[in-house]
Amino acid sequence: MNSWVNSAEILGSDLPLELSGTGNRRVLLMDALREAVRSGRLAPGTRLPPYRSLAADLGLARNTVADAYAELVAEGWLAARQGSGTRVAERAVPVTPVHRPRTPERAARPVHDLVQGQPDPSVFPRTAWLASARRALAAAPDDAFGPGDPHGRPELRRALAGYLARVRGVRAAPERIVLCSGAAHGLRLLAEVVGGPWAAEEYGLPFHRALLASHGVGTRPLGVDADGARVDGLTRRDRAVLLTPAHQFPTGGPLHPGRRAAVVDWARATGGLVVEDDYDGEFRYDRQPVGAVQGLDPEHVVLLGSVSKSLSPTLRIGWMVLPQRLVGPVVTAKGEREQFSSATEQLTLADFVGSGAYDRQVRRMRQRHRRRRDQLVAALERRAPHIRVTGIAAGLHAVLELPPGTERSAVRAAAWQGLAVECLADYLHPGSEGAGQADAPRDGLVVGYATPAESAYPEALEALCRALPPG
């Protein structure tokens, strides 16, 4: 049974409010309670002291406290039920009172965005991109302004072939590369060409699973542990397997070398296809990035990549490095003309890669993201040493391992702190429970550290630490 908080916990010395002034005591008490709820010091469901007890503690008239409680109940800050007392209302975000529009943005959107998957838009390399665009347009052949080839511009395919071979260990001629508008577009095309069923890691993007399902391709989960996907669960019935070998999404482990070899052996023995989502393979901070699985067997592995993490998700440019046998069917599925990715942006990216500007941007972002992750780890060691960061030092996000049963309450507490953050359970394959390969679901937060501005990031970390369950 929850005990109520006392007046010192509600009106602590860190709150800039005095009840000894000449102002209206009821209004001052309401302000103090609202601020305690906004700051997260009074969490949803917290039971408040009876108004008689609080009145005695604060030296106020009983009616003053009773009226303050009643008004806050009417505004939605508190909830009262016969026999259970007065509690902080259960809501995802605080409600701003009608007569106090000081912070309406708090109720409309989070103050800090710690959702995974997107870089800080302010660090897009505008000057270098503009220089590449000017050079690319000046040198563009006339056919670049006609109907687009569904393979994609040859200039970009040549540039990517060299870059991916040098940085990711990919073995592919430009003729094996088909451009698309991103990883999701690539998955749509592969679903149409390859068919199902597919296996997929038990933790992954629900959007990808839903996209495959919408094209008639069902997925079944493969268990995930510290060594990545348990590929020994693959069968001859599986037409393909969707993996994130460089940095398992979202739990953070790389695919063990033995499992990399095993999944290639499975593909060779069964004629299956390994679909390698290389979503952030360039961003490894503790060592050089591990080469792509595609390098082990280009005829049985498709590599999917894009610039959504390294540059911007608004640049709808991605690529598929395909086995030779799939190039024709994928291009046919794509259509007779390029409908999805701008030829001028493809030409700009080709120059951006060829000039070395892309390498410089990746190095810049790698340093920035490593610093962000180090700040996150340091803040946890200082403020919440019982919370462990799982996985390798890589990517644009980290998973914080939580005590069992605390995940949802931590997300609610984060919302009260003005944070947008996600549960690890949101990424769990719905078929994982009862699957022979899958572990019991884990509790955790998926924390994206790339999006906040530099000036806001320390405050975001402090708010995150306040939202975490105690040790």
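Since this is a predicted model, take the numbers as computed values, not measurements.
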How long is the span from the CG atom in L304 to the CG atom in L243, to the nearest 0.5 Å? 11.0 Å
Hey, are the side chains of L48 and L54 touching, using non-hydrogen atoms and a 4.5 Å cut-off? no
Pairs in or reaching into residues 111-127: which pass salt bridge (Lys or Arg N to Asp or Glu O under 4.0 Å), with residues at least two apart or in two chains? D120-R368
Judged by atom type as modelled, is there a donor-acceptor pair below 3.5 Å linking the side chain of R370 to the main-chain atoms of Y285? yes
L400 versus L464: any side-chain heavy-atom pair under 4.5 Å? yes
Taking salt bridge (Lys or Arg N to Asp or Glu O under 4.0 Å) as the test, write out the residues that go with R284, two or more places apart. D286
Pairwise distance CG(L72) to CG(L29) - rounded to 0.5 angstrom: 7.5 Å
Under the 3.5 angstrom rule, does the side chain of S132 hit a backbone N or O of W129 as a donor-acceptor pair? no
Looking at R366 and E282, would you say the former's side chain and the latter's main chain have a donor-acceptor pair under 3.5 Å? yes
Is there a side-chain contact between V263 and V241, using heavy atoms and a 4.5 Å cut-off? yes
Minimum heavy-atom separation for A410 to L402, with atom names? CB-CD1, 3.8 Å
Between P313 and R316, the two heavy atoms sitting closest are O-NH1, 2.8 Å
As an exercise, state the distance from CH2 of W77 to OH of Y69, rounded to the nearest 0.5 Å. 15.5 Å
So L376 and L461, do their side chains get closer than 4.5 Å, heavy atoms only? yes
Could you give the distance from CG (L428) to SG (C423), rounded to the nearest 0.5 Å? 11.5 Å
Measure the spacing between CZ of R230 and CG of D225 and express it to the nearest 0.5 Å. 4.5 Å
Would you sort out whether L311 and I317 count as a side-chain contact (heavy atoms from CB on, under 4.5 Å), showing the intermediate values? CA-CA 10 Å; L311 289 174; I317 301 178; over 6 Å; no
Less than 3.5 Å apart, any donor N or O on the side chain of E201 or Y427 sitting next to an acceptor on the other? no
Polar side-chain atom of K309 near backbone of G281 as donor-acceptor pair, under 3.5 Å: no
Applying side-chain hydrogen bond (donor to acceptor under 3.5 Å, both in side chains) to H247 and not counting sequence neighbours gives Y279, D280
Can you pull the salt bridge (Lys or Arg N to Asp or Glu O under 4.0 Å) pairs that have at least one residue in residues 415-430, sequence neighbours excluded? R408-D426
Salt bridge (Lys or Arg N to Asp or Glu O under 4.0 Å): which pairs involve residues 238-253, sequence neighbours left out? R220-D238
CZ on F249 to CG on L242, rounded to 0.5 Å: 11.5 Å
Audit row: V307, W319, side-chain contact (heavy atoms from CB on, under 4.5 Å) steps and yes/no: CA-CA 9 Å; V307 296; W319 50 86; 3.9 Å; yes
State whether E454 and R371 are salt-bridged, where the test is any N-O pair (Lys NZ or Arg NE/NH1/NH2 against Asp/Glu carboxylate O) under 4.0 Å. yes
Apply the test side-chain contact (heavy atoms from CB on, under 4.5 Å) to residues V224 and R442: give CA-CA distance (whole Å), side-chain angles for both, the deciding distance (0.1 Å), then the verdict. CA-CA 11 Å; V224 169; R442 299 173 245 172; 4.1 Å; yes
Any side-chain heavy-atom pair from E345 and L349 closer than 4.5 angstrom? no
Evaluate R34 against D31 for salt bridge (Lys or Arg N to Asp or Glu O under 4.0 Å), listing each step before the verdict. CA-CA 5 Å; R34 290 192 194 100; D31 285 349; 3.0 Å; yes
side-chain contact (heavy atoms from CB on, under 4.5 Å) evaluation trace for V411 with L445: CA-CA 8 Å; V411 170; L445 293 182; 3.5 Å; yes
Go through the structure and list residues passing side-chain contact (heavy atoms from CB on, under 4.5 Å) with A191, not counting sequence neighbours. L212, H215, V217
Under the side-chain hydrogen bond (donor to acceptor under 3.5 Å, both in side chains) test, which residues partner H185, sequence neighbours left out? S181
By salt bridge (Lys or Arg N to Asp or Glu O under 4.0 Å), which residues pair with R135, not counting sequence neighbours? D351
So, for T406 and P403, which heavy atoms are closest and what is the spacing to 0.1 Å? OG1-O, 2.6 Å
Within the distance-only criterion (no hydrogens, no angle test), does the side chain of E202 pair as donor or acceptor with the backbone N or O of H429 below 3.5 angstrom? no
Nearest heavy atoms of A413 and A467, plus distance in Å: CB-O, 3.6 Å
Which pairs count as ring pair (Phe, Tyr, Trp, His ring centres under 6.0 Å) when at least one residue sits in residues 363-384, sequence neighbours excluded? F283-H369
Heavy-atom pair with the smallest gap, counting every atom of P119 and S308: CD-O, 3.5 Å
According to salt bridge (Lys or Arg N to Asp or Glu O under 4.0 Å), who are the partners of R383, at least two apart in sequence or on a separate chain? E462
Run the salt bridge (Lys or Arg N to Asp or Glu O under 4.0 Å) test against D278 and tell me which residues pass, sequence neighbours left out. R168
Do the side chains of V178 and L189 get nearer than 4.5 Å, heavy atoms only? no
Just jot down the side-chain contact (heavy atoms from CB on, under 4.5 Å) partners of H256, sequence neighbours excluded, or say none. D227, R259
cation_pi(R372, Y457) dist<6.0 Å, angle<=45: yes
Can you name the nearest heavy-atom pair linking P245 to D277, along with the distance? CD-O, 4.4 Å
Do P221 and P430 come within less than 4.5 Å of each other through their side chains, counting heavy atoms only? no
Using modelled atom types and a 3.5 Å cut-off, is there a donor and acceptor pairing between side-chain atoms of T451 and backbone atoms of Q118? yes
State, with a plain yes or no, whether a side-chain heavy atom of E276 is found less than 4.5 Å away from one of L303. yes
